[in-house]
There are 2 protein chains.
Amino acid sequence: MAQFTDEMRKVFDVHRLVFRIGELASMTGASPRQLRYWEKKGLISSREREDGQQARVYTFKTFVMVSMIKYFMDSGYTLTAAAQQAQQREDNVRLLHRFISRGMQGFAEVDGQIALNLGAFDAQQTLMAVLPDDGGVDYRLVSNAEASRLTRELPA
Amino acid sequence: MAQFTDEMRKVFDVHRLVFRIGELASMTGASPRQLRYWEKKGLISSREREDGQQARVYTFKTFVMVSMIKYFMDSGYTLTAAAQQAQQREDNVRLLHRFISRGMQGFAEVDGQIALNLGAFDAQQTLMAVLPDDGGVDYRLVSNAEASRLTRELPA
DNA sequence: CGTGTAAGGAATTCTGACACG
DNA sequence: CGTGTAAGGAATTCTGACACG
């Protein structure tokens, strides 16, 4: 399953995502004028423009930040207060990214259902997540030996 | 913690992400000419253009697809074969999204460490994921009562 | 303070075509 | 088949300014 993570890590890496001002505006509901002003105030940032590049380039991190600022402003906060609120949430966002990037070991098959191998639970057992039909998530502990047996090879 | 998921779900919803051909090209390494040709062949798709909109608009789904096609082509596959390989992986991508969107119940604090509440393990216990300093992920089972007690309120 | 708009120049995207193979 | 390029028109982004408040 190392094959999966190696290949797919780059596919899921949101840090590769880049946007120009028009898309970021349509994605978040903030106007281009607002985005330029927020950047001038230092509330958000765009990537350094190499050489003679004209258009601003925003990253996924900025997309998240703008989305949060917009959300808090729509809730009644002033721009400055909304930016402060968003900054506090930033830590949680980073934490979630760490959990996601560390916890995914690959897919497996448990009791005939597709499961996600979440890695070692303790020295003897591996944690699996299963998606039942009711829309929730079930968790199963299986022996490490059984885990590697259950973990299916992806189509080469 | 319902507060967190309600507010942040829209922030993390990658389906809101949109790109134009230039960004998608720079993000994936495929040329604009390639993207137009692949679309003409039906291997990828761009969003319907409303009214007189000129520029193509791509979604995150297409970003993932293009990344995979590019990866397999760089590995030596022909365009058609690479697209077939990518299509097979698509199912796994969708599965991973379902696991992520269902499994996140919010943040908690376990043994003084930040943890991710992954929801019910069984009728009595809640599953928590903890990030130790060694870079891995540890899992803990706590009683449901303790879980709700440990789950910290996010800054309002 | 925070955002809208009109203004002119620069960069992007569009399509259909010619090219090579 | 699969991609590059030159060509001209259309849409986007840029900055600094004027406006309202």
Side-chain angles (χ1 to χ4, degrees), chain A residues 16-60 62-63 65-87, chain B residues 16-60 62-63 65-87:
Chain A
R16 289 173 54 214
L17 302 177
V18 294
F19 322 100
R20 285 171 63 195
I21 199 166
E23 289 90 66
L24 186 58
S26 71
M27 284 153 50
T28 60
S31 73
R33 182 69 174 91
Q34 285 179 306
L35 295 176
R36 292 195 187 98
Y37 181 67
W38 298 357
E39 180 173 350
K40 190 183 166 194
K41 286 205 60 173
L43 304 178
I44 59 175
S45 61
S46 61
R47 187 184 280 179
E48 304 300 320
R49 287 180 256 184
E50 305 139 14
D51 302 322
Q53 282 293 74
Q54 264 246 317
R56 286 174 177 78
V57 174
Y58 297 105
T59 64
F60 184 75
T62 302
F63 162 70
M65 192 66 182
V66 170
S67 297
M68 290 193 289
I69 293 177
K70 185 65 166 55
Y71 170 81
F72 287 116
M73 288 188 68
D74 290 346
S75 301
Y77 287 88
T78 64
L79 172 60
T80 306
Q84 287 176 342
Q85 292 294 326
Q87 190 57 50
Chain B
R16 289 172 55 215
L17 303 178
V18 294
F19 322 99
R20 285 170 63 196
I21 199 166
E23 288 90 66
L24 186 57
S26 70
M27 284 154 50
T28 60
S31 74
R33 182 68 174 93
Q34 284 178 305
L35 295 176
R36 293 194 187 98
Y37 181 68
W38 297 358
E39 180 172 349
K40 190 183 166 194
K41 286 204 61 171
L43 305 178
I44 60 175
S45 61
S46 59
R47 186 185 280 179
E48 303 302 318
R49 287 180 258 184
E50 304 140 15
D51 303 320
Q53 282 294 74
Q54 264 249 319
R56 286 173 177 80
V57 174
Y58 298 105
T59 64
F60 184 75
T62 302
F63 161 71
M65 193 65 184
V66 170
S67 297
M68 290 192 290
I69 293 177
K70 185 66 166 54
Y71 170 82
F72 288 115
M73 287 188 70
D74 290 345
S75 301
Y77 287 88
T78 65
L79 171 60
T80 306
Q84 287 175 341
Q85 292 294 325
Q87 191 58 49

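Each chain gets a letter, A, B and so on, in the order the sequences are listed, and its residues count up from 1.
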From the options [options], select the nucleotide whose nearest atom is closest to the side chain of [X].
X: B:Ile21; options: C:dC14, C:dT3, D:dC14; result: C:dC14
X: A:Arg56; options: D:dG4, D:dT13, D:dT15; result: D:dT15
X: B:Arg33; options: D:dT3, D:dG2, C:dG2; result: D:dT3
X: B:Tyr37; options: D:dT3, C:dC14, C:dT3; result: D:dT3

Point to revise | Test log, rule side-chain hydrogen bond (donor to acceptor under 3.5 Å, both in side chains), inputs A:Glu23 and B:Tyr58 | key: CA-CA 10 Å; A:Glu23 289 90 66; B:Tyr58 298 105; over 6 Å; no

Which whole-number value in Å describes the distance from [X] [atom1] to [N] [atom2]?
X: B:Arg47; N: C:dT13; atom1: CZ; atom2: C1'; value: 18 Å
X: B:Lys40; N: C:dC14; atom1: NZ; atom2: C1'; value: 14 Å
X: B:Tyr58; N: C:dT12; atom1: OH; atom2: P; value: 16 Å
X: B:Leu79; N: D:dT3; atom1: CG; atom2: P; value: 5 Å
X: A:Arg36; N: C:dT3; atom1: CZ; atom2: P; value: 13 Å
X: B:Leu35; N: C:dT13; atom1: CG; atom2: P; value: 10 Å
X: A:Phe19; N: C:dT12; atom1: CZ; atom2: P; value: 18 Å
X: B:Glu39; N: D:dG2; atom1: CD; atom2: C1'; value: 16 Å

Check your understanding: Which is true for B:Arg20 with a 4.0 Å heavy-atom rule: it touches a base, it touches only sugar-phosphate, or it touches nothing?
Key -> sugar-phosphate

Review point. So what does A:Thr78 touch, heavy atoms closer than 4.0 Å: a base, only the sugar-phosphate, or nothing?
Key: nothing

Practice item. For C:dA6, give its Watson-Crick or G-U wobble partner with both distances under 3.5 Å, or none. Key: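 Across all strands, not a single nucleotide pairs with C:dA6.
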
Point to revise | Mate of C:dG16 where both pairing distances stay under 3.5 Å, Watson-Crick or G-U | key: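 Across all strands, not a single nucleotide pairs with C:dG16.
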
Check your understanding: OP1, OP2 of C:dG2 versus side-chain N and O of A:Trp38: anything below 4.0 Å?
Key -> no

Check your understanding: Between D:dG2 and B:Thr80, is there an OP1 or OP2 to side-chain N/O distance shorter than 4.0 Å?
Key -> yes

Revision key, fill the gap. Between A:Val66 and A:Trp38 the two heavy atoms that sit nearest each other are CG1-CZ3, 4.1 Å

Point to revise | Residue whose closest nucleotide on DNA chain C lies nearer the 5' end, B:Pro32 versus A:Lys41 | key: A:Lys41

Review point. Are A:Tyr37 and A:Leu79 close enough, and set up right, to give a side chain to side chain contact (heavy atoms under 4.5 Å, CB included), and what steps lead you there?
Key: CA-CA 11 Å; A:Tyr37 181 67; A:Leu79 172 60; 4.0 Å; yes

**Study point:** Rounded distance (nearest 0.5 Å) linking atom CG of A:Leu43 with atom CE of A:Met65
**Key:** 7.0 Å

Exercise for review: If the plane angle is over 60° it's perpendicular, under 30° parallel, otherwise tilted; pick one for B:Tyr77 and B:Phe72.
Suggested key: perpendicular

